[in-house]
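First listed ligand is number 1; within each ligand, the first listed atom is number 1. FYI, the numbering just counts along the sequence from 1.
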Amino acid sequence: VEASIPEPQRDAWKKFQAKPFVSKDDFEKEVVRHVETTLARSMFNCDETAAYAAASLAFRDRLITEWNRTQQRQTFADTKRVYYLSLEFLMGRALDNAMLNVGLKNVAKEGLSELGFRIEDIINQEHDAALGNGGLGRLAACFLDSMASLNFPAWGYGLRYKYGIFKQEIVDGYQVEVPDYWLDFNPWEFPRHDIVVDVQFYGGVRKYQDEVGKNVAVWEGGEIVKATAYDVPIPGFDTPTTNNMRLWSSKAASGEFDFQKFNSGDYESSVADQQRAETISAVLYPNDNLDRGKELRLKQQYFWVAASLYDIVRRFKKSKRAWSEFPDQIAIQLNDTHPTLAIVELQRILIDMEGLDWDEAWTIVTNTFGYTNHTVLPEALEKWSVPLFQNLLPRHLQIIYDINMFFLQSVERKFPGDRDMLARVSIIEESQPKMVRMAFLAIVGSHKVNGVAELHSDLIKTTIFKDFVKIFGPDKFTNVTNGITPRRWLHQANPRLSELIASKTGGLGFLKDLNVLNELEKFADDKAFKKEWAEIKYANKVRLAKYIKSTTGVTVNPAALFDIQVKRIHEYKRQQLNIFGVIHRYLTIKAMTPEQRKKLAPRVSIFGGKAAPGYWMAKTIIHLINNVGAVVNKDPDVGDLLKVIFLEDYNVSKAEIITPASDVSEHISTAGTEASGTSNMKFVLNGGLIIGTCDGANIEITREIGENNIFLFGNLAEDVEDLRHTHNYGSHTLDPDLVKVFDLIKSNAFGDAGAFGALTGSIEDHGDYYLVSDDFHSYIQTQTLVDEAYKNQEEWITKTILSVARMGFFSSDRCINEYAEMIWNVEPLPVEKGSGLGKEE
Ligand code: OAK
């Protein structure tokens, strides 16, 4: 029931409408009010946690006022909306971002200072919102920032996991996982207990013909789980637009435990139903680029998709438009195949609930959805077993079979008699058991499919989705190269650099149009500018050095070359290549005379990243890095020349400290395996150079910044397949320098070599699938070039300035504009600045 206030009473509402604070005094007033009322504390017991809480609540109130206005404006304008469906949103911290986006960080800084706090300490109280694994989840977060900043009417839909990605502890060199219970205090979400959706599972399908002879299918029985909405406001930068991220939380249908069972003494089973339902949104699956096919994961997917679509359809129905207008009003983007069930669910709603014909419904469905692929790794391509599907979602399985039948009929018409083609492209894989291939379903049910960097988009067209290009034609497939939000990854993470750029380019405009960075080219040889530029880099390295000291106890020299590789630990990302290279460097240093040592540029090799808890090889790589560090860092022959650091629990807020401090960062995946990568963009934007392979977005970064400004090495994607073939069926001799590294490991120099046998064995004896040996020589040579180049600081700094100046292309704003134009067909809803937006300049 809509509960709108009648006209005559609205004046009172307007008179007392919430007004977002703008001044320092009003901010302080809000903070004190929240401390004294919301938190029931006072100036006599207000610690940093309480001050964080109160400051966040003050900003939250402000955001929610703009959120309300934005939603009213968008509803009133009734233009097309985008819904970004993602099982992961790796948001990080919200307070700093909110302060910067509404332009009130200085106001808050002064206000907090007057109240007795340092803003940095307050910001550091916040727990990361870590509802994601890595690249895919962080991309979704950058996209939300860009969509709001560009005034697109856009919502994110996801799951409100009770536990985000685990916290990583390193104990005796091993990764240990600790649960991340992040909801203890979360001021950024609004529970919407009025928005609850029933989601059905299991049961069966009854089919019959109605009075007019129409086939009807009824999905009945089974169980119901309730989805409750939690809304998180997403503020745009320098605009009042505040979009919404809606996360669903699961509860048992009754909401209560069974009193009868409870009173009869059966306490445990009385809460069991409730617990089972709550399990659905309890925990994020901690796998990156890997699909394990677990039933609970499929339950998560359907739960989230069903609640989101119910919500979207409900909103559409309020407009009383014809169903055929659905795709004119709504674009839904599938962030990888995880939400592919949305295609089936919308078709089910339209034919089973709303009574549309199959074809009419299918046209609406395919015009609504777009699908983004984020990986070509075969182990990450989702497949669900048909029996599991049949049990959990019986009606959906029938609809998938029908979708497949109509699709295969169309293929048969286009390629008559090509049985192999039919078997290859069928949504149902004829294996034992049969499997539903989700990527194929996503392609068939969408109007556009995109990859996330040029090479990747080409690869999907020529490898995993080759047949679909023949069937649908090449225009269905497109590329949108990834990007990052410069607000978080430059302005927030590197305030001094942002300030320097602003001072030379006429203000903060570059944060809204990143191509403005181009103006920095003219300072690439400017002495004074270069000095400031270098000072900022050094200060960022000092900050990281302090952080390293406080977390690991190791002292590193901030004047050394900081070489950083932070990302999920994965064989394809090849942290093993990096650590083998470090061991090679260690051997080289040990063999040097004191004279030779003096000429070497000191280096700090910094690693960070989580391994999936079940990924043994990745955990072994972490173990090796830590053990190498333990030996090298205390070897007096080495001193400052080499330090090896593993930073525990890499996450978004730590990335904000780490990224601005690199001299070089490593993006060294086996060519053809990293779809895009986005940390490569972050590091270059912060004035670091890259050592990388010709993979993912590295290729486009090279094109933009120029090949003199990047250290590329290694085999090309087009040669990988042949090399693998040679390993398996020809001769496979290891690189001699790598053999020396392995010999040292095997001599127990880094602890019991048995612990690393599987790792060295995967290269020596099991085909070296990721081409570590093939690329080793070229990697070492390129690292030597890095050493040499770093000695010429003048040239080095010029390279970094030119690189930053040419990074405009990699703003996620550019991505969102491309999606809007090529895939979504949506326009921004411009908004007058004014009413209450804080302005500092
Ligand atoms: C995670 C789970 C399943 C499939 C893919 C992923 C994933 O994170 N892929 C990553 O997506 C990023 C954003 O597009 C890319 O930059 C990374 O290269 C890719 O590995």
Ligand 1 and [X], any nitrogen or oxygen pair closer than 3.5 angstrom?
| X | answer |
| --- | --- |
| T375 | no |
| L290 | no |
| N482 | yes |
| E674 | yes |
| A675 | yes |
| N289 | yes |

- prompt: Does G134 come within less than 4.0 Å of ligand 1, judged by its heavy atoms?
  reply: no
query: Among the heavy atoms of R568, does any lie under 4.0 Å from an atom of ligand 1?
result: no
field: Side chains of N578 and D563, donor plus acceptor under 3.5 Å
entry: no
message: When you measure from the side chain of Q168 to the backbone of G609, do you find a donor-acceptor pair of N or O atoms at a distance under 3.5 Å?
response: yes
task: May I ask you to list the atoms of ligand 1 that are less than 4.0 angstrom from any heavy atom of V452?
output: 14 (O)
message: Show the atoms of ligand 1 that are less than 4.0 angstrom away from any heavy atom in Y572.
response: 20 (O)
- prompt: Do R814 and E818 meet the salt-bridge criterion of a basic N to acidic O distance under 4.0 Å?
  reply: yes
